[in-house]
Amino acid sequence: MSPLSTVRLVAPASPREGDKLAFHWTTDAPDPKNWIGVYDGDRKPGTGSSLVWSYVAAASGDLTLDTSGLGEGVYTAYLLARDGYGILAQTPPITITAKPPVVPPHAVADSFTTGEYAAGSPVSIPLGPLWVRPAGNPSGTPSFRRLSGDSWLGVAADGTVTGTAPARPGAHPGRIAVAVKDSAGTSDVVTVQVPVRAAGARPRLTIASLNLWDAGTHVDGVSEKLLRLVLGQGLDVLALQETGGTSAKPLADALGWHAYDTQAGGIVSRFPLTDTASPLPGTAAATLQLAGGRRLRLWTAQLDEAAYGPYALRDGRTPAEVEAAELASVRYRQATALLAAMKGDLAARNTPVVLAAGLASPSHLDRATKVRWPVTVALGASGLHDAFREAHPNPSREPGTTWSPVRPGEPQDRIDQIQYAGPLHVEAAYALVTGWPKPVPDTARNGWPSDHAAPAVTFTVR
């Protein structure tokens, strides 16, 4: 190489597939047949042909090569002498990254089932906010029309599905298929199923608790993924932790639901919320106004994660030492303060109470570690029941692990729980994770929006 010759990439600074690359060169040995060529990987000039090239006759100048056909990978540009392969200068490796796919406007879900509607009650389901216009696409305006379905369901041009639930429900949910056409040129079909609860039947609802992992910053497109989670899993209520104070309301607005946001947590509910409160840092509480005048008091909380007990066990501490450390921890003090704040609600026997929380502690009802984990012992002593362990009493057969689906090196424990008191019946309880999320650090494209699994419980209100 010539010490007085240079070639460097001028633009773009971070090339992607489809970009053209601009170079600047200088040389003390100009020649009409000098040329710049681009080679892939560690392939040197003279080994096969260059991918793109052009002559550069002057002593210095600028050149743009049409590299729009190059795919994702590492390349090197060479300044070469006299129509041959003598290297005058070369660039450092140039990394071309994949071009983000162009995603057309689309519906969040092609089909979903709503929560139950009481017989004779009005139905209103907004589809408009579920139409997504990804960045980089023209901002069209969708219009909606009815394709088929039950006669008691219709749809307005803005996408609001309306109707009155029949007084005598059929054997199957109501159904409507809706065509969507975007003025930007995209179309889709959304099918909505609407279950109807017979008059006098007890209300049923599914509650899930989800840690948003630093307000969803570790996963791309988290807002759409949360919508898809709620709709696809038939959730009625979502208790959130680590929200950053701004996650519950946007999600509720897109669903046409109700929300209560606090700095650290929030509640998203298909049912109206009253008596909202955040009496302690990291907590949120609200009363769900259910059908037929029934009510349910919901609490969510995130306890302190420092000095995680299973780490101490792994490091050789005895169960007695770990239990003593837990009793002295910030986490346990938070749990006792939370139970003190919930005391009045727990005393109201006629109104069911649900705690959907990140406890940062395993349960004493789980694997035989010989540690009576003080946080869950205190919850049980207050009258709360562990919904998952009630439905699945054998921890060896059904561990219910929530920590962590994307951190395989962590102790696999059930640290996110839904507990309840009062007139509720547990129909189903499970640890929810959708898809096959990749482990950290490759989580950006995961469909699952968290590093925790979500405990979910379907309750019947007695």
Sidechain N-carboxylate O distance under 4.0 Å for Arg175, Asp150:
no
Taking atom CZ of Phe23 and atom CD1 of Ile36, what is their separation to the nearest 0.5 Å?
7.0 Å
So, do Phe459 and Tyr420 have ring centers that fall under 6.0 Å from each other?
yes
Counting only N and O atoms by type, is there a donor-acceptor contact under 3.5 Å from the side chain of Asp261 to the main-chain atoms of Ala248?
yes
Quick check on ring pair (Phe, Tyr, Trp, His ring centres under 6.0 Å): which of Tyr75, Tyr78, Trp53 does Tyr39 satisfy it with?
Tyr78
Rounded to the nearest 0.5 Å, how far does CD1 of Ile96 lie from CG of Leu21?
5.0 Å
From Leu379 atom CG to Leu384 atom CG, the distance as rounded to the nearest 0.5 Å
6.0 Å
Is it true that a side-chain atom of Thr91 and a backbone atom of Arg8 form a donor plus acceptor pair closer than 3.5 Å?
no
Looking only at atom types and distance, does a side-chain atom of Arg146 sit under 3.5 Å from a main-chain N or O of Gly149, one as donor and one as acceptor?
yes
With the threshold set at 4.0 Å, does a side-chain nitrogen-carboxylate oxygen contact exist between Arg407 and Asp451?
yes
Please answer whether the main-chain N or O of Asp214 pairs with a side-chain N or O of Glu242 as donor and acceptor at a distance below 3.5 Å.
yes
Within the side chain of Lys438, is there an N or O that forms a donor-acceptor pair under 3.5 Å with the backbone of Arg445?
no
Measure the spacing between CD of Glu17 and OG1 of Thr97 and express it to the nearest 0.5 Å.
7.5 Å
How long is the gap from CG on Leu355 to NE2 on His385, to the nearest 0.5 Å?
13.0 Å
Partners of Thr401 by side-chain contact (heavy atoms from CB on, under 4.5 Å), sequence neighbours excluded?
Pro399, Gln412
Nearest 0.5 angstrom please: Gln419 CD to Leu359 CG, how far?
7.0 Å
State whether Asp236 and Arg270 are salt-bridged, where the test is any N-O pair (Lys NZ or Arg NE/NH1/NH2 against Asp/Glu carboxylate O) under 4.0 Å.
yes
Under 3.5 Å, is there a donor on one side chain and an acceptor on the other for Thr434 and Gln233?
no
Heavy-atom check, side chain of Ile176 versus side chain of Trp152, under 4.5 Å
no
Using side-chain contact (heavy atoms from CB on, under 4.5 Å) as the criterion, list what pairs up with Glu116, not counting sequence neighbours.
Pro195, Arg197, Arg204
Would you say the side-chain atoms of Asn446 pair up with the backbone N or O of Trp448, donor to acceptor, closer than 3.5 Å?
no
Using atom types as modelled and distance alone, determine if a side-chain donor or acceptor of Thr351 lies under 3.5 Å from a backbone N or O of Ala348.
no
Can we say Asp110 and Arg228 salt-bridge, meaning some charged N sits less than 4.0 Å from an Asp/Glu carboxylate O?
no
Apply the test side chain to side chain donor-acceptor pair (under 3.5 Å) to residues Asp62 and Trp25: give CA-CA distance (whole Å), side-chain angles for both, the deciding distance (0.1 Å), then the verdict.
CA-CA 6 Å; Asp62 295 289; Trp25 85 92; over 6 Å; no
For the backbone of Ser49 and the side chain of Arg43, can you confirm whether one donor and one acceptor N or O come within less than 3.5 Å of each other?
yes
Would you say Asp182 and Arg133 make side-chain contact, with heavy atoms under 4.5 Å?
yes
Test your reading of the model: is there a side-chain donor-acceptor pair from Ser278 to the backbone of Thr262, 3.5 Å cut-off?
no
Do Gln289 and Thr287 have side chains that approach each other closer than 4.5 Å (heavy atoms only, starting at C-beta)?
yes
Quick one: does any side-chain atom of Arg331 pair with a main-chain N or O of Asp304 as donor and acceptor, under 3.5 Å?
yes
